[in-house]
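Beneath this line is the structure, given in structure tokens, with notes to follow.
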Amino acid sequence: SLSCDQNSEVCCRKDYYVDFRDIGWNDWIFKPEGYQINYCMGECPVHLAGTPGIAASFHTTVFNLVKANNIRTAGRSCCVPTQRRALSLLYFDPNSNLIKTDIPDMVVDACGCS
Amino acid sequence: VEGRPGCPSCKMPPLEPNAEKAFLVEVAKQQILQKLNLKERPNITHPVPRVAVTNALRRLHMGKGRPDGAGRFSSWESPETDKQGYEIISFAETEPSGLLQFQLTHPKGQDMHVLEAQLWLHLKAHQNITLQIYLAGDRRVALGEQKLGSKGSGWHPFSLMPALQSFFEHEEKTLRLELECQGCPSSAAVWLTSAGSSYQPFLVVKAKVQEPGHQVTKR
């Protein structure tokens with residue numbers, strides 16, 4: 001997956017990190033110290049449609065059928081997350097109990113056209 | 001901002017860097033609160049001493065008494081289900097009578113199925129003793145007992161399941177445990193390291209979210 005830079009127009013992953021200390025959340029969130037809130041942005045031109053995202057998504061068979069039968073596709077593919085991982089949080093609840101949980105699909109690791 | 005290309009996908013005009021930062025911080029806050037079923041960030045009115053937290057995490061990390069011996073505060077992607085799981089450490093408030101009181105919180109709107117509940121106590125050096133744990137109340141309920149050989153001071157885990165399962169099925173918040181020790185000097189203060197220090201007793205509950213109406217079937 002491409003990481004976005006100043007000039008990229010193509011589908012890429014834009015990295016952004018929110019430090020809990022900066023937003024005053026470090027008193028109730030014990031670990032981690034911040035949240036990597038990446039997101040996907042960019043164009044998915046036709047020649048890129050399906051790269052690399054489709055390979056990782058469940059549309060593969062449909063897309064292959066479309067290609068095999070020369071069906072003209074209307075519309076374009078979109079730049080979406082193709083790989084995500086959980087965010088493990090250790091935080092205090094209002095009763096000062098320490099709670100550990102894994103929130104699935106919270107961190108975007110890769111983007112692609114799908 | 002004039003002159004800078006807008007968002008290639010949605011054609012939204014570019015944001016001022018500060019505006020983008022504020023926007024993303026707000027999105028991050030909303031996402032985390034929503035996934036934790038919280039309307040707003042908790043206000044911590046009685047912070048737990050950091051040393052007690054570190055002690056408890058170190059205890060769990062060393063895996064003493066963990067049934068699976070994994071020895072870590074494990075991450076919870078349980079293979080059978082991708083249901084979100086919780087591991088809760090609740091620190092005891094010790095009443096003058098020696099009762100241990102825990103303030104437990106039920107995640108709103110979610111049925112929890114408790115898999116494990118362990119009470120951790122730091123005991124002083126002792127000879128052969130038998131420790132009994134009760135659910136306090138008008139009619140106290142025996143939760144279990146454990147014989148301990150003579151040993152130096154240290155942490156001991158006591159499993160409270162399945163006896164405690166019924167407590168978790170009611171949305172009660174306050175859990176009060178009564179301890180009795182056969183073979184110990186009479187007052188708990190003599191054999192239980194005092195709660196005010198970094199050896200605060202704590203309760204570890206391992207639970208997972210259960211579909212509403214989901215029946216737990218015995219295999």
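First the proteins, then the strands, lettered A, B, ... as listed; each starts at 1.
Only one option out of B/I88, B/L57, B/V204 pairs with A/L98 in a side chain to side chain contact (heavy atoms under 4.5 Å, CB included); it is B/L57.
For a residue to count as touching a neighbouring chain, one of its non-hydrogen atoms must lie under 4.5 Å from one of that chain's; by this rule A/Y35 touches chain B with the side chain only. Only the side chain of A/K14 comes within less than 4.5 Å of a heavy atom in chain B; its backbone stays farther off. Of the atoms belonging to B/I32, heavy atoms from both backbone and side chain fall under 4.5 Å from chain A. Contact annotation for B/V27: both backbone and side-chain heavy atoms come within less than 4.5 Å of a heavy atom of chain A.
Taking the six-membered ring for Trp and thresholds of 30 and 60 degrees, A/F20 and A/W25 have nearly parallel ring planes, at less than 30 degrees apart.
The distance from the NE2 atom of B/H156 to the CG atom of B/L121 is 9.0 Å, given to the nearest 0.5 Å.
Note: A/I37 leads A/I29, A/I37, A/D22 in heavy-atom pairs under 4.5 Å with chain B. Ranked by non-hydrogen atom pairs under 4.5 Å with chain B, the options A/Y39, A/F30, A/F92 are led by A/F30. Ranked by heavy-atom pairs shorter than 4.5 Å toward chain A, the options B/L38, B/V53, B/L203 are led by B/V53.
Checked against the 2.5 Å cut-off, the SG-SG distance between A/C11 and A/C113 does not fall under it. Cysteine sulfur proximity is not satisfied for A/C44 and A/C78, their SG distance being 2.5 angstrom or more.
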Test side-chain hydrogen bond (donor to acceptor under 3.5 Å, both in side chains) applied to B/Q118 and B/S159, step by step: CA-CA 4 Å; B/Q118 269 185 340; B/S159 178; 5.7 Å; no
